[in-house]
Student: 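This is the structure I want to talk about, given as structure tokens.
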Amino acid sequence: MVVETSGRIMSARQLEELRTSLLAQRTGDETTIAVGAGTCCIAKGSARLFDRFRNVLKAEGLDASVRLKLTGCHGFCEHDPLVMIQPGGIIYMDVKEKDVADIVSKTIKNGEIIERLLHLDAATGERRRDESEIPFYQKQLRLVLRNIGRIDPMSIEDYIAAGGYRSLAAVLSRMEPEEVISIVEKSGLRGRGGGGFLTGKKWRSCRSAPGDVHYIVCNGDEGDPGAFMDRSVMEGDPHSVLEGMIIGSYAIGAVEGFVYVRMEYPLAVERVAKAIRDARQYGLLGEDILGSGHRFDIRINRGGGAFICGESSALMASLEGRAGEPRAKYIHMVERGLWDQPTTLNNVETWANVPVIVEKGPAWFFSLGTDTSKGTKVFSLSGKVRNTGLVEVPMGITLREILFDIGGGVRGKKKFKAVQTGGPSGGCLVVDIEEKGPKGDFNLIDLPVDFDRLTEAGSMMGSGGMIVMDEDDCMVDVAKYFLSFLKEESCGKCVPCREGIRHMLTILDRITSGTGTEADLTLLEELAETIAEASLCALGTQAPNPILSTLKYFRQEYEAHIREKRCPAGVCKALISYSINADTCTGCTLCARACPSSCIKGSAKEPHTIAAGSCIKCGICYDVCKFDAVVRS
Amino acid sequence: MAVQSDMIVEILGKHDNRIDALIMILQDIQNIYHYLPEEAIRFVSERLDIPFSQVYEVATFYRSFSLVPRGDHEIKVCLGTACHLRGAPRILENFERELGVRCGETTPNKQFTLETVNCVGVCALAPLVVVDDDYYGNSTASAVKGILSKYSRK
């Protein structure tokens with residue numbers, strides 16, 4: 001039976017019929033080539049790769065029998081672009097255009113595996129062919145990321161065929177709004193944007209709050225540097241977010257919703273906008289959704305490039321066409337939010353969890369994770385880690401498993417130093433993998449990761465960014481980096497945040513330029529206390545975290561800058577100098593030609609020297625030297 | 001530059017003349033003119049029936065807007081944490097030196113505007129430079145000249 005796919009789906013039964021017919025068109029053994037096409041993959045050439053596949057398949061007469069599709073990012077960004085071939089789930093990594101002909105002629109036509117494109121396990125030197133064999137995927141539990149890399153995010157039919165909108169149909173056809181809220185409450189789901197507030201509790205308060213209309217907002221203003229899970233979900237599986245929102249709208253009684261996406265994510269904006277248009281066309285948004293009588297629609301909004309708009313009240317001010325300044329929270333957003341009406345705001349990952357919870361049941365979700373944090377969390381690994389990418393793991397997994405088993409440890413031959421979690425409001429955790437922790441009894445590397453354990457350790461979950469640092473990273477510089485970020489992004493409404501952060505930054509500037517004093521550390525701690533106590537919103541109250549956590553675990557680095565005028569990691573510009581090792585310099589002249597201030601002298605094939613007086617410490621000589629002869633000290 | 005009101009009317013229509021789309025309306029206008037002309041801000045405030053001061057507030061609060069004309073090409077050096085650790089500050093310094101402008105400024109010939117961005121979420125390619133819609137991953141300070149030469153007017 002062929003279902004009319006261009007029209008509206010009028011009932012849960014029709015949705016099921018559509019799914020059945022879509023699945024019938026796709027026999028199980030159909031060959032599929034899925035090319036990852038998130039922003040990261042495209043930046044590495046996956047759009048051109050896709051075109052090449054299309055041309056080669058056509059030339060070989062395989063375009064009708066082989067299904068070629070674009071998907072979201074498979075998560076293993078380090079090796080983008082990834083290509084997944086079904087059946088078999090074979091994953092090829094770092095695929096280039098020149099590999100396409102080989103893939104089609106060997107793997108597609110003859111079922112041969114191309115060894116050189118498989119994942120190389122650095123630990124064993126073996127080649128691994130699919131998710132079950134690749135260590136990066138082995139410890140993951142992909143719920144929110146379940147479809148990403150498998151379905152075409154631009155195709156609502158692909159989502160429906162994968163079981164999409166089935167949870168919505170179940171909710172609308174069989175449940176009262178109360179029941180839906182109760183399911184979310186029982187699941188123990190906590191907000192994934194950083195606050196960790198109980199989602200079900202938020203929904204219940206919002207539903208019972210009096211107002212003319214109720215609103216729903218999806219916070220896609222993922223501003224924490226080094227966090228990109230929301231981008232990946234919006235780019236790779238936008239319908240799962242919409243489905244979560246529509247379920248939420250029914251539970252809460254909302255008629256209008258907004259997806260607020262930061263402008264730095266143009267591809268996410270494009271794909272969510274397309275998903276909204278398709279959902280409307282299929283009758284999953286708008287009047288009388290699935291014939292249930294429920295009415296709800298979603299609009300998409302681009303942010304203006306302000307980090308503070310990730311804060312809920314600032315985001316709503318921004319939606320109202322005003323400057324994104326937060327307000328005091330003694331009036332809750334669930335009572336008076338957008339346009340002063342009851343509003344439920346959840347982040348992208350939270351919304352994407354909702355259809356899974358409805359499908360698998362709250363008890364199942366509740367059984368995953370730790371006592372206080374249920375389900376999974378998506379983390380983005382970046383910085384000096386070997387395997388940069390997105391990983392989804394059950395709550396309670398240890399830092400060691402995330403950073404070493406999945407992340408592969410630190411890249412190169414450097415020594416692991418710290419991991420920064422929670423974005424600019426989070427903190428740096430020292431993880432000495434060889435020694436025990438500061439007290440000798442417990443090593444932070446074995447910390448079970450959940451909302452509360454991370455906070456106890458002096459950092460926080462935040463939205464899930466994890467940035468790995470090695471011995472070349474200066475922790476005072478890292479603190480300064482976050483403070484200067486927050487200084488730029490402070491909205492300026494309250495004094496402790498606006499002035500306090502600026503002063504802390506001034507002090508850090510002093511320390512990193514070698515003019516700091518011992519008293520500066522005390523002053524920093526005093527300022528931190530006041531800012532944390534007196535600021536209006538979380539940006540301010542958590543702004544001292546980068547300083548406090550680095551002072552806690554790396555005080556000796558601050559002291560080296562102050563007492564010895566030395567930057568142990570060799571980062572702080574005022575405290576380092578460049579020189580050339582005459583023994584290793586071959587006199588290739590590359591550095592002298594690249595030096596913008598012409599301060600490197602020497603004749604060809606003779607060791608060169610740097611005139612310290614005119615050196616601007618730009619580091620270009622250090623970058624270009626092929627013999628490691630330029631020394632930074 | 002004279003502001004063409006019919007183009008702005010079209011943009012407003014695309015966003016259903018809604019105040020909650022104000023940021024997007026201004027972004028679309030800026031895409032045409034490379035900045036927000038005063039005339040355009042006044043026009044939007046009249047059409048949406050909101051005070052000029054409110055539109056001005058929005059136009060000056062958010063990073064994406066400029067009240068002065070911008071260059072033909074926008075260079076954004078990503079200063080996300082991963083990029084910072086992998087050497088983005090030195091890349092930014094080199095752009096400043098090569099272009100002779102500070103971050104946030106436009107070259108006198110209106111060819112380039114130099115900006116930073118707080119993470120575009122492509123951390124596997126850190127440090128990253130985005131010029132218009134092109135991504136340059138794993139950049140170095142010494143790659144700056146090469147990137148600029150691709151966009152320089154002949």
Side-chain angles (χ1 to χ4, degrees), chain A residues 39-40 42-44 77-80 222-228 231-232 258 263-266 299 301-307 318-325 338 380-384 388-389 420 423-424 465 467 469 472-473 478 481-482 485 488-489 491 594 596 616 618-620 623-624, chain B residues 15-16 18-28 48 50 54-55 57-65 76 78-91 93-94 97-98 115-126 128 130 133-137 140-145:
Chain A
T39 300
C40 40
I42 292 173
K44 279 185 160 180
C77 305
E78 189 72 43
H79 295 292
D80 281 337
E222 180 173 60
D224 285 2
F228 48 93
R231 170 178 74 66
S232 196
F258 298 85
M263 64 165 217
E264 290 84 352
Y265 291 171
R299 300 183 70 89
N301 286 73
R302 260 197 315 262
F307 174 72
S318 173
L319 271 181
E320 290 171 9
R322 295 184 287 118
E325 290 176 353
L338 187 61
S380 50
L381 300 179
S382 72
K384 304 290 181 68
T388 296
Q420 203 277 345
I467 297 123
M469 297 168 189
D472 286 347
D473 296 316
V478 166
Y481 161 77
F482 283 116
F485 176 96
E488 286 298 312
E489 297 296 345
C491 78
I616 54 170
C618 68
I620 289 182
D623 286 343
V624 298
Chain B
H15 295 289
D16 301 334
R18 284 174 66 126
I19 295 172
D20 56 38
L22 180 60
I23 290 176
M24 289 194 286
I25 290 167
L26 295 180
Q27 281 169 344
D28 288 354
L48 294 182
I50 49 178
Q54 186 179 337
V55 188
E57 182 191 32
V58 167
T60 51
F61 182 85
Y62 296 96
R63 192 186 265 260
S64 58
F65 303 118
K76 290 188 207 137
C78 181
L79 287 187
T81 318
C83 290
H84 176 86
L85 295 178
R86 295 201 204 167
R90 291 197 285 121
I91 296 174
E93 283 168 21
N94 273 283
R97 194 166 43 242
E98 288 294 331
E115 285 284 356
T116 60
V117 58
N118 291 331
C119 194
V120 291
V122 185
C123 306
L125 287 173
L128 187 80
V130 185
D133 296 323
D134 306 326
Y135 289 75
Y136 295 91
T140 58
S142 49
V144 165
K145 270 188 185 168

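These values consider heavy atoms only, across backbone and side chains, with no hydrogens, waters or symmetry-generated copies.
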Student: Once the angle between the rings of A:F485 and A:Y481 is folded into 0 to 90°, is it parallel (under 30°), tilted (30 to 60°) or perpendicular (over 60°)?
Tutor: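 Rings of A:F485 and A:Y481: tilted, 30 to 60°.
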Student: Counting only heavy atoms closer than 4.5 Å, note whether A:A323 contacts chain B via side chain, backbone, both or neither.
Tutor: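 It is both, since atoms from each part get that close.
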Student: Output yes when a side-chain donor or acceptor of A:E489 lies under 3.5 Å from a complementary backbone atom of A:F307, and no otherwise.
Tutor: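 Indeed, once roles are kept as given, a pair shorter than 3.5 Å links the two residues.
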Student: Specify which of B:L22, B:V122, B:D20, B:V144 makes the most heavy-atom pairs with chain A at under 4.5 Å.
Tutor: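 Counting heavy-atom pairs under 4.5 Å, the top option is B:D20.
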Student: For chain A, find which of B:L125, B:V55, B:T140 contributes the most heavy-atom pairs closer than 4.5 angstrom.
Tutor: B:L125
Student: I'd like to know if A:D472 pairs up with A:K384 as an ion pair, taking the criterion as any Lys NZ or Arg NE/NH1/NH2 lying under 4.0 Å from an Asp or Glu carboxylate oxygen.
Tutor: no
Student: Any donor-acceptor pair under 3.5 Å linking the side chain of B:Q54 with the backbone of A:G321?
Tutor: yes
Student: Let me know if A:I467 has heavy atoms under 4.5 Å from chain B in its side chain, its backbone, both or neither.
Tutor: side chain
Student: Is there a donor-acceptor contact under 3.5 Å from the side chain of B:N94 to the main chain of B:R90?
Tutor: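 Yes: the side chain of B:N94 pairs with the backbone of B:R90.
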Student: Between chain B and each of A:G305, A:G423, A:G223, A:A227, count heavy-atom pairs under 4.5 Å; write down the option with the most.
Tutor: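 Sorted descending by pairs with chain B, the first entry is A:G305.
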Student: For B:Y62 and A:S318, test the side chains for any donor-to-acceptor distance below 3.5 angstrom and give the result as yes or no.
Tutor: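 Per modelled atom types, B:Y62 and A:S318 side chains form a pair under 3.5 Å.
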Student: Between B:G137, B:A82, B:A124, who has the most heavy-atom pairs with chain A when the cutoff is under 4.5 Å?
Tutor: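 Going by pairs under 4.5 Å, I would pick B:A124.
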Student: What part of A:S380 gets within 4.5 angstrom of chain B, counting heavy atoms only: side chain, backbone, both, or neither?
Tutor: neither
Student: Please rank B:L79, B:T81, B:I23, B:V58 by heavy-atom pairs under 4.5 Å with chain A and give me the top one.
Tutor: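 Most heavy-atom pairs within the cutoff with chain A belong to B:T81.
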Student: Can you tell me if B:Q27 and A:R302 form a side-chain donor-acceptor pair at under 3.5 Å?
Tutor: yes
Student: Decide yes or no for A:Y265 and A:T39: does some side-chain heavy atom of the first lie under 4.5 Å from some side-chain heavy atom of the second?
Tutor: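 Counting from C-beta outward, A:Y265 and A:T39 never come under 4.5 Å.
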Student: Measuring heavy-atom distances to chain B, does A:R322 have an atom under 4.5 Å in its side chain, in its backbone, in both, or in neither?
Tutor: both
Student: Taking side chain as everything from C-beta outward and backbone as N, CA, C, O, which of these in A:I42 sits under 4.5 Å from a heavy atom of chain B? Side chain, backbone, both or neither.
Tutor: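 For A:I42, no heavy atom lies under 4.5 Å from chain B.
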Student: Under 4.5 Å, counting heavy-atom pairs only, tell me which of A:G304, A:P266, A:A594 racks up the most with chain B.
Tutor: A:G304
Student: Using non-hydrogen atoms and a 4.5 Å limit, figure out which bit of A:N301 sits close to chain B: side chain, backbone, both or neither.
Tutor: both
Student: With chain B, which of A:C77, A:G226, A:G383 has the greatest number of heavy-atom pairs at distances under 4.5 Å?
Tutor: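 Winner by heavy-atom pair count: A:G383.
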Student: For B:R63 and A:A306, indicate whether the former's side chain and the latter's backbone hold a donor-acceptor pair under 3.5 Å.
Tutor: no
